[in-house]
There are 4 protein chains.
Amino acid sequence: MPASLTLEEAEAVLAAAKAKAEEIGQPMNIAVCDDGGHLVVFARMDAAIKVSVDISQRKARTAIMMNLPTDALSGITQPGAELYGLEWTSGGLVSFGGGMLLSRRGDTVGAIGVSAGSVAQDMEVAAAGVAALPKTRDK
Amino acid sequence: MPASLTLEEAEAVLAAAKAKAEEIGQPMNIAVCDDGGHLVVFARMDAAIKVSVDISQRKARTAIMMNLPTDALSGITQPGAELYGLEWTSGGLVSFGGGMLLSRRGDTVGAIGVSAGSVAQDMEVAAAGVAALPKTRDK
Amino acid sequence: MPASLTLEEAEAVLAAAKAKAEEIGQPMNIAVCDDGGHLVVFARMDAAIKVSVDISQRKARTAIMMNLPTDALSGITQPGAELYGLEWTSGGLVSFGGGMLLSRRGDTVGAIGVSAGSVAQDMEVAAAGVAALPKTRDK
Amino acid sequence: MPASLTLEEAEAVLAAAKAKAEEIGQPMNIAVCDDGGHLVVFARMDAAIKVSVDISQRKARTAIMMNLPTDALSGITQPGAELYGLEWTSGGLVSFGGGMLLSRRGDTVGAIGVSAGSVAQDMEVAAAGVAALPKTRDK
């Protein structure tokens, strides 16, 4: 069984996140990447801000690179904190919430990044995507 | 009526391109951007090469920036030709086929970029996406 | 009717901003971009600092990318605040005042970025440019 | 007498280039920079391709950096030629025609870069800008 998620699975994650964004009335940029941080699917909803094309992808990639959700990085990247400057490494990372790991039986298979709302909204929509990842895979 | 395509329209373009890629048996990276070159939707099919995550997006953006399909650039960017060196401008462009404009009644509303197969395959799949753009819009 | 502003409109915005800068005696860099963040007109007044060639353009582009005036970003990008680190995304953004949206009937058609004075001066000059955008267009 | 051109002079250069572009019916991006390669004025005419926002500025800056018109670089930057790879230095240069020096009594005071047409058209429009530089200055 390959470690990384398939396109079909990524589409399921994206669809669930998009449905949540519609439910809360906040247009979003939603990116799903594989276990190497490479983009699999992306959608920008009508009226979602353009800056988040980049930020949503960076959030997903950051989660993969750090093997952590991005909200775990906020505190430790502040001025004076241990990882101050982390964002300028690895081609550019993001240290605020909205990037979450997609895992199956303890293995990271990808990540989702959501951006365009408040950080709390971004995290709510990302979590809806995470919950939609099929938990088993036969092939 | 806004000049740029909507998410729903971009999804229709992506779906048609993906169907064509499946039909010819070549996994692809497919990107659709708006009339300013900003990504709207993207999908990487299973087994499509990762390098094309970037190339497909650049092809779509190049078509917007040049207001031309990218295959029109191949000849004029060769060593000795008029625009040799074009690819290193504007944040990085692509000068081989697979990027095509999405137009409606003469107005550019977006672009599609396809990458991972031969250039001929990329162009065939992109053309399928172009053909799927709804020609009228009521809203 | 295209969504984005024309060169003639951008020139009117630039002229009004420049007149205000002369009135307050502060040489400025003034950039006007379209609704995709692409530069339309620019002027650097004699004795205006060179660093603002870049900053004024980034302010205009940031307003487009965030769909907000740049002064709205100051608070939320401070250390400890929600979007700390925003400036390092999307090719480089600016989070202090002087970038403002150009809108017509609720649609963003472009943005102006002004830089070289104090932030208050930059905002005053940008606002003069915003006020000069023709509100209707016949063609 | 300062070596660099003034805003007023740059505006005269831009206006003449723009008039020539209108005369030949080719919408252009026109950039005028000072003797340090820093942008002074810029205009993108309606329907001019977006890629040339960057290319026109690079042409002007390249002319300053090399102290040569950019068409002088085409031959010497080809594969196998002496300066192959020049374009990747100094933040990115351009080696095709359309960038020309603005000089007064043997001193370089700035440069003009024009892009969006054929190279021959770009050079014709740039030359019109060069011809419009006031030859004397009293202040």
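Convention: sequence-line order gives letters A, B, ...; per-chain numbering from 1. We use all heavy atoms of the structure for the numbers below, so side chains are in, but hydrogens, waters and symmetry mates are not.
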* Asked: In a check of side chain to side chain contact (heavy atoms under 4.5 Å, CB included) between D:K20 and each of D:E124, D:M28, D:Q26, D:Q121, which one passes?
  -> D:E124
* Asked: What part of C:V40 is in contact with chain D, defined as an atom under 4.5 angstrom from a non-hydrogen atom: side chain, backbone, both or neither?
  -> both
* Structure fact -> Test side chain to side chain contact (heavy atoms under 4.5 Å, CB included), reference D:F96, set D:T62, D:D71, D:I55, output is D:I55
* Could you tell me whether the side chain of C:T108 reaches within less than 4.5 Å of the side chain of C:S103, counting heavy atoms only? => yes
* **Greatest number of heavy atom pairs closer than 4.5 Å to chain C - which of D:V41, D:D54, D:L39** => D:L39
* Look at the side chain of C:R104 and the backbone N and O of C:L133, then say whether any donor-acceptor pair between them is shorter than 3.5 Å. => no
* Asked: Looking at C:M45, C:E11, C:H38, which one has more heavy-atom pairs under 4.5 Å with chain D than the rest?
  -> C:H38
